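One structure is given here, and the rest of the page talks about it.
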Amino acid sequence: MVSMTATTYALHSNLALIYKRQIKNEKVLSNEPKPPSIVFFCQYQRAARGGRNIKKPDENPQNVDLPPRLPSNKKKPFPIPIKEIQRIARAEKNRARMGVEMPLEAPQNGLLVPELIPLAHEVLDAWRALIRGLSQLLQAIPVYACSGCSEVHVAKSGHEIQDCRGPGSPSRKGFHSWVKGSINDVLIPIESYHMFDPFGRRIKHDTRFNYHRIPAVVELCIQAGVDVPGFPSRRRMTPIRKMGKRVIDRGGHLEEPMQSGDPLELLDLDTHGALSRFPKPLEEDLPLIAEETIIAYETVTQGVRRLMDKYSVKACGYCSEVHVGPWGHNVKLCGEFKHQWRDGKHGWQDAVVDEVFPLNYVWHVRDPEGAPLRSPLKRFYGKAPAVVEVCIQAGACVPDKYKPMMRLDIVLPDTEEARLAV
């Protein structure tokens, strides 16, 4: 850097000296015709500020980082910046102080969005196909779950990575305690209270047993326009009216009908007992079932994301509780970080897709028949959603969106070579 600066200073000094001589000659030879002007070009370019090279983002990244594990002793981050939440709250408060009603659009005003009704039916059919296909695949693809933590592994045997943080893990030196897994270990069941009127009275702690618990994806589809027998939902014809946070007109009181809540109505929409409802498939049919299952999985993921862009879903910032509706319930069953300070109440905030339909990442196993995964080679392994890993081992093609995280282009070294890798 010092030599470059000295070279630049000498170059500028020579240019200044040549320019002075040119002016002196022009004064002496003022009567002669002026020679053509000479333009000097300097090939030296100053380096970018901070020494950083600007690179274009790669459309197809080679490898991406594994998803971080959120700490259990902290609150989840807000999906919307807190400054934006405060700005919206101040605007609503000022509008309510002036007596101006809040302008609401569907579905925030209680009406359905007509263009999302076919999507809700498509998501519910894909959810049904996902449970059916996954139940058949798990009868041929072995899955193991740790009895001390939430770790899941899809292979002939459990891995030997020492990252267990559950009860009794210090005595096992971080090794997992593997047991036979089920469909609930692969497709994590997230349930929500079913409400006839999401804009009605909140669910209280003493009345929580009057409401049925159903999968959150099914409840989201019901509120988006799908009619499921035994679980009615109010379809408004006139929008509700709000002023600030207060609902001034709910469209009249409507007596809530009796909910049968027959388990047979949700038999094909729930994962409970799904493995016993479907026969074991033939080995030659596994690739076709895996392809259909992974298509249904992508349909549910993209459909839930589109529905949540319009319909409000709340999630607790401390535990895994989810509520589909404009505001959360008042059931005091939160037992996570500092629940004593909240008297067991949930800390509601806007939910993200991963909280309604968790991806549940697991280690990707290239050779299910080979040696188990080991801790020294942990940074060379990739991950994939549990449903995708099951489908891949059953013969499905790897989707392009999951290839960077699975790290398929990394050659696994030996244990001795791993210490020399940079």
Side-chain angles (χ1 to χ4, degrees), residues 76 78-80 85 88-89 92 102 104-113 116-117 119-120 123-124 127 189-228 230-236 238-242 244-254 256-257 259 261 266 269 303-334 345-357:
K76 300 176 187 176
F78 288 100
I80 303 176
I85 297 177
I88 296 175
E92 293 179 357
M102 183 186 305
L104 299 175
E105 298 180 355
Q108 280 75 21
N109 57 3
L111 304 180
L112 295 177
V113 182
L116 291 183
I117 296 178
L119 177 62
V123 171
L124 195 64
W127 173 260
I190 301 296
E191 295 184 342
S192 174
Y193 287 104
H194 171 66
M195 297 190 64
F196 170 72
D197 185 6
F199 293 88
R201 297 185 178 92
R202 290 195 181 190
I203 302 177
K204 298 181 180 180
H205 185 77
D206 298 334
T207 61
R208 64 186 186 277
F209 296 110
N210 299 336
Y211 301 88
H212 297 283
R213 300 274 292 181
I214 63 177
V217 175
V218 178
E219 176 64 16
L220 180 61
C221 294
I222 290 176
Q223 294 191 16
V226 179
D227 294 327
V228 177
F231 297 89
S233 181
R234 182 175 181 178
R235 309 300 183 192
R236 282 183 167 82
T238 57
I240 66 172
R241 298 164 56 195
K242 291 181 63 178
K245 295 183 178 180
R246 185 168 56 93
V247 180
I248 59 178
D249 185 10
R250 288 187 170 89
H253 178 70
L254 185 62
E256 183 173 347
Q259 301 181 14
L266 291 178
L269 298 175
V304 169
R305 180 176 290 104
R306 291 182 56 187
L307 291 177
M308 290 181 62
D309 289 340
K310 289 291 185 179
Y311 290 88
S312 178
V313 180
K314 301 297 180 181
C316 180
Y318 302 92
C319 67
S320 60
E321 181 69 11
V322 170
H323 185 75
V324 183
W327 43 72
H329 56 71
N330 291 335
V331 180
K332 305 177 183 179
L333 291 179
C334 184
K345 294 183 179 180
H346 296 282
W348 297 111
Q349 63 186 34
D350 291 332
V352 296
V353 179
D354 292 346
E355 293 173 321
V356 179
F357 189 60

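In what follows, every heavy atom counts, from backbone to side chain, and hydrogens, waters and symmetry copies are set aside. Numbers for residues simply follow the sequence, beginning at 1. All values derive from a computational prediction rather than experimental measurement.
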Taking the ring of H346 and the ring of H329, is the distance between their centroids below 6.0 Å?
yes
Are the side chain of [X] and the backbone N or O of [Y] linked by a donor-acceptor pair below 3.5 Å?
X	Y	result
H323	K314	no
H194	P232	yes
Q108	P326	no

Would you indicate whether the side-chain heavy atoms of [Y] and [X] approach each other to under 4.5 Å?
X	Y	value
M308	L220	yes
I190	V356	no
K242	I248	no
C334	C316	yes
Y311	V324	no
M102	E92	yes
F357	W127	yes
V331	K204	no

Once rounded to the nearest 0.5 Å, what's the spacing between atom [atom1] of [X] and atom [atom2] of [Y]?
X	Y	atom1	atom2	value
I80	D350	CD1	CG	4.5 Å
L124	L269	CG	CG	5.0 Å
Q223	R234	CD	CZ	13.5 Å
L111	T238	CG	OG1	7.5 Å
S192	I222	OG	CD1	10.0 Å
L307	L119	CG	CG	4.5 Å

Nearest heavy-atom neighbours spanning [X] and [Y]:
X	Y	result
C221	A120	SG-O, 3.6 Å
W327	V247	CH2-CG2, 3.9 Å
L112	A106	O-CB, 3.9 Å
I214	V218	CD1-CG1, 4.3 Å

Does R236, at its CZ atom, have more than 12 non-hydrogen atoms belonging to other residues, nucleotides or ligands within less than 6.0 Å?
yes
Within 45° cone of Y193 ring axis and under 6.0 Å: R208 NZ or CZ
no
Check step by step if salt bridge (Lys or Arg N to Asp or Glu O under 4.0 Å) holds for K76 and E355.
CA-CA 11 Å; K76 300 176 187 176; E355 293 173 321; 3.2 Å; yes
Presence of salt bridge, K345 and E321, under 4.0 angstrom
no
Parallel, tilted or perpendicular: rings of F231 and H212 (30°, 60°):
perpendicular
